[in-house]
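One structure below.
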Amino acid sequence: MDYQFRDLEKKWQQFWAENRTYKVENSSEKPKYYVLDMFPYPSGAGLHVGHPLGYIASDIFARYKRLKGFNVLHPMGYDSFGLPAEQYAIQTGQHPAITTEQNINTYRRQLDQIGFSFDWSREVRTSDPSYYKWTQWIFMQLFSSWYNLEADKAERIETLVERFEKTGSAGIKAVCDEDTLNFTSEEWKQMSEQKQQEELLKYRLTYLKESTVNWCAALGTVLANDEVKDGVSERGGYPVEQKKMMQWSMRITAYADRLLQGLDTIDWPEPLKEMQRNWIGKSTGASVKFPLEKGEGEIEVFTTRVDTIFGVTFLVIAPEHELVASLTTAGQKQEIESYIAQTKKKSELDRMADAKTVSGAFTGSYALNPLNGQKIPVWIADYVLAGYGTGAVMAVPSGDQRDWLFARHFNLPVIQILDAQKDIEAEADATKEGRYVNSDFIDGLTYQEAIPVLIQKLEELGAGKAKIQYRIRDAIFGRQRYWGEPVPVYFKDGLPYLIEESELPLLLPEIDKYLPTESGEPPLGRAENWKYQDEYEYELSTMPGWAGSSWYWYRYMASQSERAEDVFAPQSAIEYWKDVDLYIGGSEHATGHLLYSRFWNKFLKDLGYVVEEEPFKKLINQGMIQGRSNFVYRIIDEEGKGTNTFVSFGLKDEYKTSAIHVDVNIVENDVLDLEKFKKFRPEFANAEFILESGKYVCGVEVEKMSKSKFNVVNPDDIIERYGADTLRLYEMFLGPLEQSKPWNTNGIEGVFKFLRKFWKLFHNDKFELNLSEEEPTKAELKSLHKIIRKVEDDIERFSFNTSVSSFMICVNELTELKCNKRKVLEDLVIVLGPYAPHITEELWTLLGNQPGTLSYASYPKFNPDYLVEDEFAYPISINGKMKMNLSISLSLEPADIERFVLENSDVQRYLDGKTPKKVVVVKGRIVNIVV
RNA sequence: GCUCGGGUGGUGGAACUGGUAGACACGCAGGACUUAAAAUCCUGUGACCCUUAAAGGUCGUGCGGGUUCGAUUCCCGCCCCGAGUACCA
């Protein structure tokens, strides 16, 4: 039979499903291996050709690991809560659950067609109540915990209550709100229940807080910082404003340092780790209090250069700083007010664009340098951000360029502080070299010497202390949305209480419309009779998109039968699978999903529910597949109107034209299918063409893959035409996995031809199975063992594209050798299996093996003996330039090789009578003659 | 600005620790088979020069230097493209 990929692929997909070929158990003699993909959000558009790239790579890896004798967990599911389904619901009135279900069905059909070896019995959907029950449960654990800095881990809130009862608030080191009270154990016991709860909320790992949030009126919701880009919402591009609201927050800051430390223990791409480090933004320095010259109070600043404190010539506080009003003197009032008004007008965007222009205003007040009593003017300026540190900085113009520019602009003094500073009249010099000058008691010291002296002095004076500052802020956890997990909380006397664990899941109630209520409450406010115990208000916001994805890899560990148990995943399963060995997904989740997941994982570990500190041991980012748009060029007449004539790309510069996107699916190798083009749009029905060499060549541009650009390629179409095995191989063949690249179908024929050629190795000209039982020759074994080793090496370093090339070389060689020997082909089938599972399953059975056993065969053992050569064609170079090859026995030693080479008549000819100055011989590598 | 990637034929890309640059594939050109086309197979294909041909030569991995017998690979300086991030004190 010819290579009938359609029948054959359908047949095997059905076989795998019916026989549960890829179902995996939570125990095995074999070592475990967990291969995870970032699960998709099931959008209405279905999969395009870019989505499966990572899935194909992970599937190859999973299949390879099975062949290598591992018990492989390789699951898939859906991140099925999210905004698009809700937007669609608002427009159409259809319940998001229904459209989500439909989209999932499309995704499943598309995924199944590609031949993935997922264990579908472990599928998860974040919007399924049996799943979000446990998302809610984790929320409850966070609510019931506090972060004990002494133990450096999260603990049950009961341990905090015990300490309050025993010794009051004294000596408690916790990550908590700033406004916690000081009380004795007696005072604690005297407090009302209400008061106690209020106090405890300041310690809980998820807590209510009035926060300034990114409010998007158009979407009717609050957005996380990473959902806002350039002052507008990432999704939809609507304006975002700052608004104060009571919000659920997650105390991720408690884990800032552990999240940073952990990065050194995991095998992730360096750029991604760097992004997380920047996001966490740890800086080591000191906080210093500058007392006010007049009246009570002080201004606290954070600085990483406390050593420059004697160079401070002014303080700058953010325009939003709480002291601005009280510091402003009558004389400066007008100036300050007009400056604040001016900054308020500027959007976030303008502020960034304006980075170079210096602006600010003097408050009229002074503070005192705590170390020498110097009078220091206090200014406001918008280059100081209210949200970072204390919203106030000490300005050292000689050491900081921004301060320097500010000083120049407003004529403030610049004091040199280190003798190594260069010309500080020209610009600031932030050096730490040299010895201090103009710096009182640290004069003459070096940077290293000065820091401890200063810190000690500041502490003595009570004017400051060493401090570590983080950029990361607590994550806002509430969304004023419908299609998300309800928060398992009700309110009594204005304070939040958890519902009982036995009452989980708290189901998402039905509502009439998916919009906020008239009074501006979230959509859940529309639910009728939705009250806890018919009495108390439920929390009306829902959880953000990242909640469900922050722990899903644990749910996969629970097998289908274990899902019924009353736990998110059985302890035995967690102890068996432990963590994800390989995680593949896009780098766009660097500071969202991947940070929150690490946070929840550490929290679950602290409470003893999971065993590993880090959830994802190794991570690979697959590159983005961009679209490759094609264009036709319509000729424009003198009046500037479009004509009905289209000119080929190479001739377009001879005319006035406009470029029009054309559907890439009617273009092949950049040549337009004219008939299909005429049917593309009615207006083109009578189109005329100016061709070059009989063809219409289209223009090309790389853009995002999107419907409006007519450059979306659907995997279904590729599979229909070439089959899934070709799609899988081709996606890998396209280039290195981690590199972004435009999708281009131009080379796919080559991969398809390769599979046909491979098929032919097993068949004669009449397509009858034709195998030989003879012993393989040396050349055949060499070809086979080259590929055995190559694929092993390639897969281990995630270089899938190079294996595909090597398969082609191997099949070319075997075709040349007319090799149809079972002993060679059987091993080759196993090696190719992970890449092209359908064709290999078919051939595996044709070879006489039990159907379905290929997936669990053993990867052939590489034998280096077959690759041993006794001769090597040495490249002979003269002055480093390759001239010729000479076959020389590998048993010869360099001295003999040198003699042999120099005696050779062709070499003599190249030397042209000159005597070599030096001959470099590297055995088995190269000979270089220097003349 | 800072951080991280990346610049190799007409195209996608290969070259793993410094050792034959351009594997493999697409495209293109020519040929075989065919009434013809598709499919398939064969040959050639970095640029330039020389030559009837065989052969040979020069240049060539973004640019300029350096180290080395030898550099796409290592070092220094610069240019360009992409991604992330940003008055972070």
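In what follows, chains are A, B, ... by sequence order, proteins preceding strands, each numbered from 1. Since this is a predicted model, take the numbers as computed values, not measurements. The figures that follow rest on heavy atoms only: side chains count, while hydrogens, waters and symmetry mates do not.
- Using a 4.5 Å cut-off on side-chain heavy atoms (C-beta onward), A:M705 and A:M624 make no contact.
- Ion pairing between A:D2 and A:R756 holds under the 4.0 Å rule for side-chain N and carboxylate O.
- Taking the C1' atoms as reference points, B:U3 lies 26 Å from B:U61, given to the whole Å.
- A:S359 places none of its side-chain heavy atoms less than 4.5 Å from the side chain of A:Y383.
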Can you list, pair by pair, the side-chain donor-acceptor contacts under 3.5 Å of residues 809-817 of chain A, counting residues two or more places apart and other chains?
| unit_1 | atom_1 | unit_2 | atom_2 | d |
| --- | --- | --- | --- | --- |
| A:N812 | OD1 | A:K757 | NZ | 2.7 |
| A:N812 | ND2 | A:M808 | O | 3.4 |
| A:E813 | OE1 | A:S783 | OG | 2.5 |
| A:E813 | OE2 | A:K786 | NZ | 3.0 |
| A:T815 | OG1 | A:V811 | O | 2.6 |

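- Nucleic acid contact for A:E270: none, since no nucleic acid atom lies under 4.0 Å from a heavy atom of the residue.
- Nearer to the 5' terminus of RNA chain B, by closest-nucleotide assignment, is the contact made by A:I748 (compared with the other of A:F302 and A:I748).
- Taking the six-membered ring for Trp, A:F758 and A:Y3 have ring centres at least 6.0 Å apart.
- A distance of about 22 Å separates the P atoms of B:G84 and B:G12, rounded to the whole Å.
- Proximity note for A:K918 (side chain, C-beta onward) versus B:A89, B:C69, B:A25: the nearest is B:C69.
- Listed nucleotides B:C87, B:A25, B:A86 differ in distance to A:R471; the shortest reach to its side chain belongs to B:A86.
- With 3.5 Å as the limit, one finds no donor-acceptor pair spanning the side chains of A:S587 and A:N621.
- With both ends at atom C1', the span from B:U17 to B:C88 equals 41 Å, rounded to whole Å.
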Bracket notation of RNA chain B in which parentheses pair within the strand, [ ] cross earlier pairs, and | pairs with another strand (Watson-Crick or G-U, under 3.5 Å): (((((((..(((......[....)))((((((.......))))))((((......))))..(((((..]....))))))))))))....
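- Pairs passing the salt bridge (charged side-chain N to carboxylate O under 4.0 Å, His left out) check and including a residue from residues 916-931 of chain A, sequence neighbours excluded, read A:E893-A:K923.
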Nucleotides 7-19 of chain B: protein proximity per nucleotide (B base, S sugar-phosphate only, - neither; heavy atom, under 4.0 Å): -----BSSS---B
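- Comparing B:U73 with B:G62, their P atoms sit 8 Å apart, to the nearest whole Å.
- Taking atom C1' in both B:A36 and B:U45, the straight-line distance is 28 Å, to the nearest Å.
- For A:Y730 and A:W743, the distance between ring centers is under 6.0 angstrom.
- A donor-acceptor pair is defined here as one N or O able to donate and one able to accept, closer than 3.5 Å; such a pair exists between the side chain of A:R728 and the backbone of A:Y835.
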Pair A:T802-A:S799, side-chain hydrogen bond (donor to acceptor under 3.5 Å, both in side chains): steps then yes or no: CA-CA 6 Å; A:T802 48; A:S799 172; 2.6 Å; yes
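- The nearest whole Å value for the distance from the OH atom in A:Y470 to the C1' atom in B:A89 is 17 Å.
- Taking the C1' atom of each, B:A21 and B:A47 are spaced 14 Å apart, rounded to whole Å.
- Regarding A:I309, its CD1 atom lies at a distance of 13 Å from the C1' atom of B:A89, rounded to whole Å.
- If you take CZ of A:R721 and P of B:A39, they are 10 Å apart, rounded to a whole angstrom.
- If you take CZ of A:R402 and P of B:C2, they are 14 Å apart, rounded to a whole angstrom.
- Between A:R789 and A:E792 there is no salt bridge, since no side-chain nitrogen of the basic residue lies less than 4.0 Å from a carboxylate oxygen of the acidic one.
- Rounded to an integer number of Å, the gap from A:M275 CE to B:A83 C1' is 7 Å.
- Atom-to-atom, CE of A:M732 to C1' of B:A25 comes out at 16 Å; the value is rounded to the nearest Å.
- Taking the six-membered ring wherever Trp is involved, the centroid distance between the rings of A:Y722 and A:F5 does not fall below 6.0 Å.
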Tabulate atom names and distances for all N/O pairs under 3.5 angstrom spanning the protein and nucleotides 54-56 of chain B.
| unit_1 | atom_1 | unit_2 | atom_2 | d |
| --- | --- | --- | --- | --- |
| B:G56 | OP1 | A:Y910 | OH | 3.4 |

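- Between the side chains of A:Y470 and A:D257, a donor-acceptor pair is found at a separation under 3.5 Å.
- Proximity of A:I380 to A:Y339: side-chain heavy atoms (C-beta onward) are separated by under 4.5 Å at one or more points.
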Table of protein N/O atoms under 3.5 Å from nucleotides 41-49 of chain B N/O atoms:
none

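- Taking the P atoms as reference points, B:C49 lies 35 Å from B:G82, given to the whole Å.
- With a glycosidic angle further than 90° from 0, B:G77 counts as anti.
- Nucleotides B:G7 and B:A89 are separated by 37 Å at their C1' atoms, to the nearest Å.
- Judged by closest nucleotide on RNA chain B, A:E274 is the one of A:V393 and A:E274 placed further toward the 5' end.
- Regarding A:Y383, its OH atom lies at a distance of 14 Å from the P atom of B:C87, rounded to whole Å.
- Ring to ring, A:F406 and A:W379 are close: their centroids are under 6.0 angstrom apart.
- Counting only N and O atoms by type, the side chains of A:Q469 and A:Y388 include no donor and acceptor under 3.5 Å apart.
- Residue A:M394 contributes atom CE, which lies 15 Å from atom P of B:C88 at whole-angstrom precision.
- Among the protein residues, A:D400 comes within range of no part of the nucleic acid, since none of its heavy atoms lies under 4.0 Å from any strand.
- Taking 4.0 angstrom as the limit, A:Y388 places a side-chain polar atom (N or O) nearer than this to OP1 or OP2 of B:A89.
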